[in-house]
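Letters go in sequence order (proteins before strands), and every chain restarts at 1.
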Amino acid sequence: MFDELSDLYQQVILDHSKSPRNFRPLEQPSRTAQGHNPLCGDNITLYVRLEGDVIADITFQGSGCAISRASASLLTESLKGRRLAEVKPLFDRIHEMVTTGQVGDGDLGKLAVFAGVHKFPARVKCAILPWHAALAAVEGKGAPVSTETVNP
Amino acid sequence: MPSFDQIRSDFPILDQQVNGRPLIYFDNAATSQKPLAVIEALDAYYRRDNANVHRGIHELSNRATQAYEGARARAARFLNARAPEEIVWTRGTTEAINLVANTWGVANLKPGDRILLTEMEHHSNLVPWQMLAQHTGAKLSFLPVTGDEGLLDVGQLDELLTPAVKLFAFTHVSNTLGTVNPVAELCQRARAVGAVTLVDAAQSAGHLTVDVQALGCDFLVFSGHKICGPTGIGVLYGRRELLEAMPPWQGGGDMISSVDYYESRWNTVPHKFEAGTPDIAGAIGLHAAMDYLDRLGRDRIFAHDRELARLAYEELSRLKGIRLFGPKTGRGGLVSFLLEDVHAHDIVTVADQFGVALRGGHHCNQPLMKKLGVVSTARASFYFYNTAAEVTRFIEVMREIQKFFGV
Ligand SMILES: Cc1ncc(COP(=O)(O)O)c(C=O)c1O
């Protein structure tokens with residue numbers, strides 16, 4: 001019916017926003033990080049359990065729109081089992097994709113469903129918010145990250 | 001419902017497609033659209049009369065000064081102020097409130113005094129008072145709102161409106177709930193304990209007749225851009241005795257009567273509060289807007305806006321999983337709502353694809369959102385150029401949205 005709408009709200013996104021995966025706190029997280037969007041009041045908290053430099057478990061909680069919930073849900077699926085050092089390069093690719101629509105080289109898997117977001121400039125922040133929180137968790141930053149103090 | 005069928009063509013912006021659908025502009029509480037009369041007044045000023053005001057002796061400066069001061073006299077009539085000197089031009093509602101906080105507030109408040117607000121204030125009628133309280137040692141209190149229905153709990157005034165209250169500042173119409181507050185009654189109650197009143201008329205001035213003498217308020221503020229005028233211009237009405245006793249705020253040209261190296265003397269009101277070159281074109285554009293609104297009749301406008309809001313409220317209440325905010329009856333021209341399991345921003349994004357401009361978010365009412373236990377709402381806000389057919393279409397779009405998200 002509306003191509004751009006179904007580009008933005010792909011079936012995978014609708015599914016993950018309705019039934020988010022890993023949507024629970026962790027008992028004894030090695031790291032936590034908060035992401036906050038002051039413009040809409042959305043808030044997410046990421047919980048990470050590390051084994052050495054490997055992300056052994058990662059979960060989230062919070063409230064947000066369909067895009068930010070699905071993004072957080074898919075992020076947890078994607079980062080589980082990865083090394084900390086892999087997060088920043090992945091962040092950069094996601095950032096590039098949601099701002100330009102370019103997916104770049106190599107398979108992004110399910111994360112590629114967020115390519116349609118770039119046509120909705122007001123919603124880029126919703127998709128990238130959980131990734132900023134993940135970056136903060138990797139860097140061990142305690143302070144909440146805000147969509148208004150990072151780019152974009 | 002009073003018919004405004006003839007006036008659609010006064011608003012060229014409304015005649016366009018957005019995302020392939022006819023634009024339905026329901027974000028009027030954020031800013032209104034501008035009629036040709038206003039666009040042409042700005043154009044004519046810049047084409048023929050542009051010059052700086054008050055200082056020149058030449059013809060163009062005379063014209064600009066006359067137009068600028070003529071607009072002030074018009075604003076005084078618009079509010080039924082006693083004299084043009086009671087009208088101070090500002091950038092808008094926000095700057096007008098900051099002006100009062102930084103002049104009247106700093107001169108009159110001391111530790112132990114209270115500033116009474118309500119729980120439904122826009123950030124611009126909250127944050128300046130928080131800053132003033134920090135600066136002076138005065139304390140804030142809040143008249144509560146009664147949950148989702150969004151009425152002021154006036155019964156609590158007996159307890160809250162003590163002689164320690166030096167200022168009672170509140171909104172006329174809530175930008176989130178649509179509540180129309182009993183301004184005259186609140187002002188009278190405040191006067192009885194000697195408190196000064198400030199009315200935030202941002203959501204009322206362009207929608208209903210606002211008469212500062214009948215309301216009995218000390219200060220009243222509004223923004224030009226929400227009442228068909230340009231951005232960058234707004235009004236502070238102040239009772240003359242108060243304005244005269246207040247210290248100036250910003251220093252510079254125009255606000256002085258004489259200047260020496262070490263000290264200066266202030267100009268008379270209202271110029272004492274207008275440092276520097278003002279928004280001359282803005283005042284002239286606002287003049288055209290006030291003329292336009294009063295030609296239509298603000299009572300008719302109010303009846304129309306309320307009827308659209310009533311219709312929207314009634315139709316929305318039939319939707320599955322709807323949560324509506326604000327009073328069931330007697331609301332102003334807007335409706336705030338949530339659909340179960342659909343975030344306000346998702347509603348707004350999808351509605352936009354259908355050409356319907358809504359707002360989603362906290363509406364600069366974060367503490368109220370917290371109190372209601374939500375992070376945001378979606379809001380449809382109406383003006384006289386909107387139609388019942390647009391409301392019907394908007395409801396259809398809401399059903400489409402529910403279908404889209406499978407709720
Ligand atoms: C009730 C209320 N007060 C104050 C304001 C602030 O107006 P402005 O941003 O024009 O200064 C608004 C505008 O959103 C409002 O709705």
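- Listed by chain and number, the residues in a salt bridge (Lys or Arg N to Asp or Glu O under 4.0 Å) with A:Lys119 are A:Asp7 (sequence neighbours excluded).
- Annotation: the span from B:Glu400 atom CD to B:Arg393 atom CZ amounts to 7.0 Å, rounded to 0.5 Å.
- When each of B:Phe354, B:Tyr313, B:Phe26 is checked for a ring pair (Phe, Tyr, Trp, His ring centres under 6.0 Å) with B:Phe394, only B:Phe26 meets the rule.
- Atom CD of A:Gln11 has 12 or fewer neighbouring heavy atoms from other residues, nucleotides or ligands inside a 6.0 Å radius.
- Considering only heavy atoms from C-beta on, A:Val87 stays 4.5 Å or farther from A:Arg82 through its side chain.
- Residue contact with chain A, scored on non-hydrogen atoms closer than 4.5 Å, involves the backbone and the side chain of B:Asp346 alike.
- More than 12 heavy atoms of other shown residues, nucleotides or ligands fall within 6.0 angstrom of atom CZ in B:Arg8.
- Using a 4.5 Å cut-off between non-hydrogen atoms, the part of residues 62-78 of chain A that approaches chain B consists of A:Ser63, A:Gly64, A:Cys65, A:Ala66, A:Ile67.
- The side-chain hydrogen bond (donor to acceptor under 3.5 Å, both in side chains) check on B:Tyr385 picks up B:Asn28, with sequence neighbours excluded.
- In the displayed structure, A:Arg31 atom CZ is contacted under 6.0 Å by more than 12 heavy atoms of other residues, nucleotides or ligands.
- Salt-bridge check for A:Glu4 with A:Arg123: failed, with every basic side-chain N at 4.0 Å or more from each acidic carboxylate O.
- For residues 364-381 of chain B, a heavy-atom distance under 4.5 Å to chain A picks out B:Gln366, B:Val375, B:Ser376, given by residue number.
- In summary, the side chains of A:Asp42 and B:His343 do present a donor paired with an acceptor at a separation below 3.5 Å, with no hydrogens or angles considered.
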